[in-house]
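One structure is given below, encoded as structure tokens.
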There are 2 protein chains.
Amino acid sequence: MKDKPTRAARQPRTHPSPGNATTATPHEPTRRRLSGRATIADVADLAQVSTMTVSRALKDPAQLSPEARARVEAAVTELGYVPNHAARTLATSRSHVVAVLVPSLSNTVFVDTLAGIQDCLGPAGYQILIGNTGYSSGKQAELVSTYLSHAPDGFLVTGIDGSEAIRQRLAAARVPVVHMYDLSRTPGEWSVGFSQQRAGFTLTKYLLERGYQCPGFVAAQLDPRTMQRRAGFRRALREAGLDPDVEILTDEPSSVGLGSKLLAQMLSHAPACDAIFCCNDDLALGALFECQRRGISVPGRIAIAGFNDLPPSAWSTPSLTTVTTPRYQIGFEAARLLLQILDGHPPERSCIDLRFTLTPRESA
Amino acid sequence: MKDKPTRAARQPRTHPSPGNATTATPHEPTRRRLSGRATIADVADLAQVSTMTVSRALKDPAQLSPEARARVEAAVTELGYVPNHAARTLATSRSHVVAVLVPSLSNTVFVDTLAGIQDCLGPAGYQILIGNTGYSSGKQAELVSTYLSHAPDGFLVTGIDGSEAIRQRLAAARVPVVHMYDLSRTPGEWSVGFSQQRAGFTLTKYLLERGYQCPGFVAAQLDPRTMQRRAGFRRALREAGLDPDVEILTDEPSSVGLGSKLLAQMLSHAPACDAIFCCNDDLALGALFECQRRGISVPGRIAIAGFNDLPPSAWSTPSLTTVTTPRYQIGFEAARLLLQILDGHPPERSCIDLRFTLTPRESA
DNA sequence: CTGAAAGCGCTTACAG
DNA sequence: CTGAAAGCGCTTACAG
């Protein structure tokens with residue numbers, strides 16, 4: 001009696017009658033759980049092997065004898081067996097979930113990045129939990145806590161930059177974190193992106209080379225990446241001996257409508273401004289619309305440049321000069337880096353620079 | 001010996017020394033699991049109650065004596081205890097995960113809907129898994145399978161419309177499904193949205209009332225919702241005794257650039273066309289850009305109307321006449337409906353009509 | 001109001 | 001190449 005295995009004691013189980021070992025023979029309906037799904041034990045019974053053998057068949061079929069493998073495979077398809085993730089997670093303490101924190105989804109920027117993440121992580125069997133922080137560090141902290149309870153295997157984040165407290169919670173949880181979009185200067189911190197500062201510098205240089213005398217900087221949201229672009233703008237102007245303070249900054253959320261508004265402000269506060277560097281394409285598009293509304297010629301009276309190269313920017317009239325950013329690649333490579341870390345093969349460089357491209361078009 | 005509880009047999013556990021029952025007294029470091037996280041057993045030990053009492057304290061504190069509750073609460077905060085979702089899922093066969101299938105994230109339409117879903121489901125303790133089907137029914141089938149293995153408590157879907165096979169897999173899994181965006185005509189099927197057909201009809205009627213003689217329909221992607229709008233367009237033209245066949249349809253993915261291209265096609269194929277109904281705002285914006293490029297006056301020579309009222313549409317020059325859709329509300333209400341179903345309190349009506357609004361502006 | 005026991009479905013050493 | 005046992009961390013009846 002004391003040798004009776006736990007499994008049998010836990011629950012009566014109907015077995016296929018011992019006689020029909022061949023898969024072709026019809027057998028009694030296999031017992032299912034409440035969930036309605038077949039379990040690994042059902043497969044094992046039907047295939048006449050132990051649950052472990054089924055487990056092995058699933059993760060490394062080569063380990064089995066051809067016969068056993070064939071029987072397990074047949075049982076799996078016959079029962080429509082799908083592994084239960086919760087059970088696997090509990091047993092392995094690997095959730096195969098990655099938490100992704102992005103500051104916004106309202107333009108295509110981070111959506112492209114998510115696509116890259118999905119394309120890398122999906123085939124590797126990972127699910128992603130997407131948290132939209134709305135550029136708020138309170139929301140960030142909240143999401144980190146929530147996701148931590150799901151025990152993700154890793155985090156992919158944009159814009160944790162602000163809060164030291166959040167960084168510490170993440171460190172305490174000993175979960176690997178890859179930062180996206182900017183290049184980290186903190187040693188030992190993984191990052192995939194490009195130099196926001198250099199991108200801002202490059203675009204501004206371009207404007208100066210085109211002969212604009214008084215470029216201005218227009219920005220909203222004012223997240224750290226935007227501020228880096230601004231730093232690049234200022235550096236270029238200073239190097240050229242020009243006034244770096246022609247700027248309109250607001251922490252309102254970025255939008256096309258806001259771009260219209262900010263263009264108007266720039267025009268009235270700095271009438272000499274002959275070119276504006278908008279910290280993103282949405283703002284630039286709004287600025288362009290406002291110029292059209294007022295009959296102001298672009299780039300004749302004022303040049304307009306954006307940032308990111310969103311899809312509409314190539315089609316507006318005039319088309320928008322901008323900086324093309326490797327958004328999809330950032331997601332894909334950040335995910336790939338995380339996978340390498342999780343597999344115990346971290347690369348040497350902790351900081352992957354994916355670069356940006358200046359894309360001159362008609363507006364500047 | 002045989003009475004030794006399983007837990008003790010499984011793993012040696014260090015208890016706080018029996019003497020110091022008060023929470024203020026320092027105690028030995030509590031044992032943690034490999035995962036590094038405290039477990040319910042750790043909390044139980046520290047609070048000197050059973051694990052079940054902790055479990056109760058977490059879900060219904062009122063059930064406990066004030067003393068026990070206080071000790072559990074103190075232990076929870078001291079250990080930073082966070083419940084393990086995988087264990088809870090396994091024990092309850094409720095995953096607290098909802099799978100959401102959307103056809104695209106590349107404009108703000110479904111992003112708004114996701115926000116609504118999050119805002120409803122997040123506070124209720126649910127996580128969402130977001131699947132982007134890319135308007136492909138193959139991808140749909142794939143995502144349904146993948147997500148089914150995560151045993152979501154429910155599905156929120158847009159555009160399963162196509163495949164009967166997918167509908168059946170979902171039905172077989174006995175998981176509740178709420179359809180979003182159109183109103184289902186299939187009895188017993190939950191849906192939250194508005195009548196796409198009526199919306200198409202209403203916008204077309206408006207164009208006719210404004211005196212346009214030869215409206216045309218421009219559409220891409222050709223998903224079922226787009227085709228419903230087209231049906232509304234055709235009905236309105238037929239009722240007016242006009243030719244409903246002025247149309248350019250393509251199954252290419254929708255984009256601003258494509259809008260420019262399709263406007264050009266319409267102009268050359270149907271020179272008499274004096275108003276176009278674009279099946280979404282991206283297409284309409286592209287069409288507008290193309291008119292600007294060609295120096296064609298809008299709405300003078302040709303009127304342009306869009307669909308959805310995306311944020312830029314209010315700001316273009318001219319601003320875009322369109323149909324405003326309750327995208328956020330659709331997500332929120334669909335999620336709320338799902339929650340009601342999961343709680344065993346389904347509403348009587350299976351079909352929730354959230355309506356649309358005609359938004360006339362400058363372009364038509 | 002509180003607890004002992006068994007179970008959820010899987011995997012990890014450890015044997016053989 | 002294959003299996004018995006124990007464990008992952010929680011909850012659900014069932015008792016008292």
C:dG3 OP1/OP2 closer than 4.0 Å to side-chain N/O of B:Thr53
yes

Please tell me if B:Ser50 has a side-chain N or O lying less than 4.0 Å from either OP1 or OP2 of C:dG3.
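It does, given that an N or O in the side chain of B:Ser50 lies less than 4.0 Å from OP1 or OP2 of C:dG3.
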
Measure the distance from [atom1] on [X] to [atom2] on [N] and round it to the nearest whole Å.
X        : N      : atom1 : atom2 : value
A:Asn84  : D:dC10 : CG    : P     : 17 Å
A:His85  : D:dC8  : NE2   : C1'   : 17 Å
A:Gln48  : D:dG3  : CD    : P     : 11 Å
A:Glu67  : D:dC1  : CD    : C1'   : 11 Å
B:Asp42  : D:dC8  : CG    : P     : 11 Å
A:His150 : D:dG9  : NE2   : P     : 17 Å
B:Leu79  : D:dG9  : CG    : P     : 14 Å
B:Leu90  : C:dG7  : CG    : C1'   : 9 Å

Have a look at B:Ala86 and say if it touches a base, only the backbone sugar-phosphate, or nothing, with a 4.0 Å heavy-atom cut-off.
nothing

First locate atom CG of A:Leu46, then atom CG of A:Asp42, and finally report the distance between them rounded to the nearest 0.5 Å.
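If I round to the nearest 0.5 Å, the distance is 8.5 Å.
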
Any chance you could measure B:Leu338, atom CG, to B:Trp190, atom CH2, to the nearest 0.5 Å?
10.0 Å

Sugar-phosphate or base contact per nucleotide [nucleotides 11-16 of chain C; S, B, -; heavy atom under 4.0 Å]:
SBB---

Judged by atom type as modelled, is there a donor-acceptor pair below 3.5 Å linking the side chain of [X] to the main-chain atoms of [Y]?
X        : Y        : result
A:Ser136 : A:Lys139 : yes
A:Thr53  : A:Val49  : no
A:Ser55  : A:Thr51  : no
B:Asp153 : B:Ser95  : yes

Contact between B:Val102 and B:Thr113 at the side-chain level, heavy atoms closer than 4.5 Å - yes or no?
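No, every pair of side-chain atoms sits at 4.5 Å or beyond.
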
Would you kindly compare A:Val82 and B:Val49 by the position of their nearest DNA chain C nucleotide and give the one closer to the 5′ end?
B:Val49

With both distances kept under 3.5 Å, what pairs with C:dT2, Watson-Crick or G-U wobble?
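Per the H-bond distance test, D:dA15.
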
